[in-house]
Amino acid sequence: MDLKKELNKEQYLAATHVEGPLLILAGAGSGKTRVITYRIAHLIRNCGVSPYNILAITFTNKAAREMAERASFLLGEENLYGIWINTFHAACGKILRRYADRIGFNSNFIIYDETEVQVVLKECLRRLNIDEKYLDPKAVRKYISKAKDEMISWKDFTKSHDTYNNHLFRMVSEVYKMYQETLLANNAMDFDDMILMTIKLFKENPDVLDYYQEKFKFIMVDEYQDTNMAQYEFVRLLASKYKNLCVVGDDDQSIYGFRGADIRNILEFENEYHDCKVIKLEQNYRSTQNILDAANRIIKNNTERRHKRLWTEQGHGEPITRYEAEDQNDEALYIVSAIQDGVRKGMKYSDFTILYRINALSQTIEKALTRFGIPYRVYGGLKFFDRKEIKDIVCYLRVLDNPLDDVALRRIINVPKRGIGEVSYNNAYDIALREDTNVLNVFLNAGNYPELSRTASKLSSFALKIMDIMMKKDTMAISEYVKYVIYESGMIEELKRENTDEAESRIENLMEFISVANEYESEVLESPDAENLNNLTSFLQNIALSTDMDKQEEVDADTVTLMTIHNSKGLEFPVVFVIAMEEGTFPSMRAEMPEEVEEERRLCYVAITRAKKKLYLTHSRLRLLYGRTNYRVPSRFLRELELKAEKEEDRSEKSTTFRTGAVRKGAFGRVVNSVGDVKALNQQTGKVDTKDFKVGDRVKHKKFGNGTIVKMEGSGDKTVVEIQFDSTGMKRLMLAYAKLSHI
DNA sequence: CGACTGGCCGAGTTA
DNA sequence: CGGCCAGTCG
């Protein structure tokens with residue numbers, strides 16, 4: 001391992017910085033992970049630091065796994081034994097598991113996902129007699145989430161808002177309080193709590209904090225720009241003693257503001273740690289100069305950032321292609337043709353990736369890829385762990401691990417169908433609250449309660465069944481037990497009886513879940529991390545913190561990849577298509593404030609910098625989305641990139657495959673409909689002024705300047721036009737009064 | 001109790 | 001256009 005030879009000057013300086021705070025501003029593709037892993041190797045091999053004293057934190061399991069793999073490639077796995085390379089949540093989970101009792105939890109606490117959080121919130125609203133129509137559970141969730149990101153407890157929430165005079169805040173704070181009490185009673189936490197509870201643990205137990213400060217003498221945090229206040233505080237507490245804190249990040253790639261990431265954490269790192277060293281990594285090893293130029297050009301439109309300029313020693317490479325499609329089908333066909341073209345020239349399907357701002361956009365592309373027999377894989381759409389049958393089996397395991405887990409119990413109570421419903425459950429739940437016991441216990445003794453008499457025998461036999469399966473818990477390995485539960489629960493039998501394709505695929509998924517358990521077992525056995533446990537509790541926690549992105553993919557799969565831009569962060573691909581570069585989608589219409597638009601721009605920057613060799617940006621004049629076809633205005637980002645649209649080039653030369661009548665008809669079918677609608681509308685009105693304008697027209701307004709008509713509603717004098725103005729954005733105007741003129 | 005249906009509303013990114 | 005929920009009927 002020759003650091004000088006294998007790293008550039010800045011990378012070398014960063015990797016060999018040992019003591020004191022260090023901020024690495026790592027541009028996209030600048031070898032960030034390389035620096036971190038070399039730094040780990042340097043600490044251990046050249047500085048005599050024990051792996052036991054190192055904590056490396058990432059945001060995703062995938063990043064953690066990659067870092068661990070690369071570090072063990074440098075050092076050998078045996079020399080990493082005891083190191084913590086984990087996500088924030090996994091690291092906190094491990095700490096909490098050990099000291100759960102100090103903060104009133106049991107060590108087999110469970111982590112609720114968003115769906116379960118919703119269930120609990122609805123339950124709270126019900127118990128507080130608040131109508132869901134009056135206070136939307138989703139809105140409450142937003143308030144609570146935001147509060148937690150900022151480390152505001154329900155007590156603080158009550159103090160920080162005027163809950164005496166503001167009815168809304170009073171209600172939210174009551175729900176927040178009951179929500180936390182319910183979580184505690186169920187021995188459960190949500191994602192945010194894992195960080196918050198760890199902070200609480202540290203603050204209330206100096207001995208514990210001191211232990212971990214001593215243990216983690218060297219701390220590294222990846223993707224630091226994505227940290228929220230709570231994560232910042234967690235790191236600050238741990239690092240405050242030795243201050244050997246190395247954070248790596250790129251303010252230009254901060255795209256998680258919506259989940260509380262605070263870009264100030266990285267921008268103000270130097271103020272917090274004033275003796276810190278700052279190193280910028282600007283040399284890019286991923287992309288061509290053309291791609292980097294585009295990235296630099298777009299990001300310089302942001303004001304809240306540290307100056308950085310990516311460069312490469314590679315050549316300029318291929319120019320960036322902007323394609324303006326007629327409609328979404330045309331866009332899809334363009335992409336299909338480019339892929340077919342590339343494959344014909346010897347490229348692999350896996351060289352191509354299609355990125356989009358919103359999941360809904362994958363639909364059309366998927367259809368086109370399917371029609372032309374191009375293999376593809378979608379990341380993030382319907383998630384494995386979100387599938388009904390997977391959630392069911394997970395809930396079974398949760399109840400078996402922790403009989404107090406009422407939320408899980410509620411879910412499996414009627415899986416498979418056994419004639420127990422909402423009413424029985426709610427009755428039992430109320431009894432359990434009244435008698436200060438748990439629901440399963442009430443089930444067991446259902447015969448004693450008159451309000452449960454109707455279903456008493458079903459309830460108690462279900463409870464007995466659960467107890468029965470629970471007895472076997474510690475007698476077999478995880479995967480074996482998972483299999484046992486799947487069959488013993490009766491889920492398989494029920495699905496087999498259904499005898500449909502869908503049931504068939506559900507069974508397959510359950511079998512796949514057994515392999516997940518298998519995989520977990522072998523991972524635990526091989527792990528250099530000494531504190532992993534081979535038990536149900538830790539398996540469940542592992543599952544709770546898993547996403548589809550983490551599932552090990554067959555490496556040889558030669559498929560096109562589809563994913564959201566958010567999911568693509570940290571990855572790279574030879575050829576990238578960024579689709580639907582249109583106002584309202586990208587940037588999102590929800591980004592109204594300047595800082596929100598800046599985040600969208602950073603998202604665009606992330607998308608562009610994923611490409612290694614070739615970048616395509618596509619947009620469409622018309623798009624069918626959410627059931628309606630609308631005229632679309634090219635994204636302002638395209639203007640900022642100063643790219644000229646590729647004209648309807650002679651694609652027939654490129655590919656003859658898709659110039660088929662059927663496809664063309666499909667492409668035009670929807671367009672004709674939409675234009676037809678506008679025409680019909682114009683004919684109805686009979687008014688000259690309405691007829692003069694139609695969707696897609698370029699118009700001039702006295703005050704707002706030039707723009708494009710995007711939508712027209714109503715008729716005659718009441719016609720309302722929506723116009724996307726070039727400089728002032730979207731406006732709704734009454735056509736009769738707008739005094740528009742054609743350009 | 002639960003399956004089915006019609007209507008309504010929403011439609012963004014995620015560990 | 002699709003998912004979810006409430007209401008109805010078996």
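First the proteins, then the strands, lettered A, B, ... as listed; each starts at 1. These numbers were taken from a predicted model, which means no experiment stands behind them.
Residue ring and base: A/Tyr256 does not count as stacked with B/dT14 (centre distance below 5.5 Å and interplanar angle below 30° not both satisfied). Residue ring and nucleobase are stacked for A/Phe191 and B/dA15, with a centre distance beneath 5.5 angstrom and an angle between planes beneath 30°.
No engagement by A/Lys138 is indicated, since no non-hydrogen atom pair under 4.0 Å with the nucleic acid exists. Contact annotation for A/Glu596: no contact, since no heavy-atom pair falls under 4.0 Å across all strands. Residue contacts shown for A/Thr87 are absent, as no nucleic acid heavy atom lies under 4.0 Å away. Residue A/Ile420 is classed as a sugar-phosphate contact, given heavy-atom separations below 4.0 Å to backbone atoms only. The residue A/Phe59 sits close only to the backbone: its heavy atoms come under 4.0 Å of sugar-phosphate atoms, none of a base.
If you take CD1 of A/Ile255 and C1' of B/dT13, they are 8 Å apart, rounded to a whole angstrom. Atom NZ in A/Lys142 sits roughly 14 Å away from atom C1' in B/dT14 (whole-Å rounding). The distance from atom CG of A/Leu571 to atom P of B/dT14 is 13 Å, rounded to the nearest whole Å. B/dG10 atom C1' lies 11 Å from atom CG of A/Asp136, rounded to whole Å. Following rounding to the nearest Å, A/Leu452 (CG) and B/dC1 (C1') show an atom-to-atom distance of 15 Å. As a whole-Å value, the separation of A/Arg601 CZ from B/dT13 P is 21 Å. The nearest whole Å value for the distance from the CD atom in A/Gln328 to the C1' atom in C/dC1 is 13 Å. A/Tyr425 places its OH atom 19 Å from the C1' atom of B/dG2, with the value rounded to the nearest Å.
Contact annotation: A/Thr455 side-chain N/O to B/dC1 OP1/OP2 distance is not under 4.0 Å. Neither OP1 nor OP2 of B/dA15 sits under 4.0 Å from any side-chain N or O of A/Lys62. For A/Arg590, a side-chain nitrogen or oxygen approaches OP1 or OP2 of B/dA11 to under 4.0 Å. Regarding contacts with the backbone of B/dT13, a side-chain N or O of A/Asn359 is found under 4.0 angstrom from either OP1 or OP2.
Ring geometry for A/Phe234 versus A/Phe202: interplanar angle under 30°, hence parallel rather than tilted (30 to 60°). Ring planes of A/Tyr256 and A/Phe258: tilted class, angle from 30 to 60°.
Nearest to the side-chain atoms of A/Glu114 among the listed nucleotides B/dA15, B/dC1, B/dT14 stands B/dA15. Distances were taken from every side-chain heavy atom of A/Asn414 (C-beta onward) to each of C/dC5, B/dG2, B/dA15; the shortest belongs to B/dG2. Comparing B/dT13, B/dA15, B/dA11 by their closest approach to the side chain of A/Thr60 singles out B/dA15. Considering only side-chain atoms of A/Tyr626, the nucleotide from B/dC1, B/dT13, B/dA11 that sits closest is B/dA11. Counting only heavy atoms from C-beta on, A/Ser424 has its side chain closest to B/dC1 among B/dT14, C/dC5, B/dC1.
In this structure, A/Phe637 has its ring center under 6.0 Å from that of A/Phe586.
A donor-acceptor pair shorter than 3.5 Å cannot be found between the side chains of A/Gln231 and A/Glu233. No hydrogens or angles considered: nothing links the side chains of A/Glu331 and A/Ser620 as a donor-acceptor pair under 3.5 Å.
Between the A/Glu304 side chain and the A/Glu595 main chain, no donor and acceptor come within less than 3.5 Å of each other.
Taking the nucleotide of DNA chain B with the nearest heavy atom to each of A/His89 and A/Ala591, the more 5' of the two is matched to A/Ala591.
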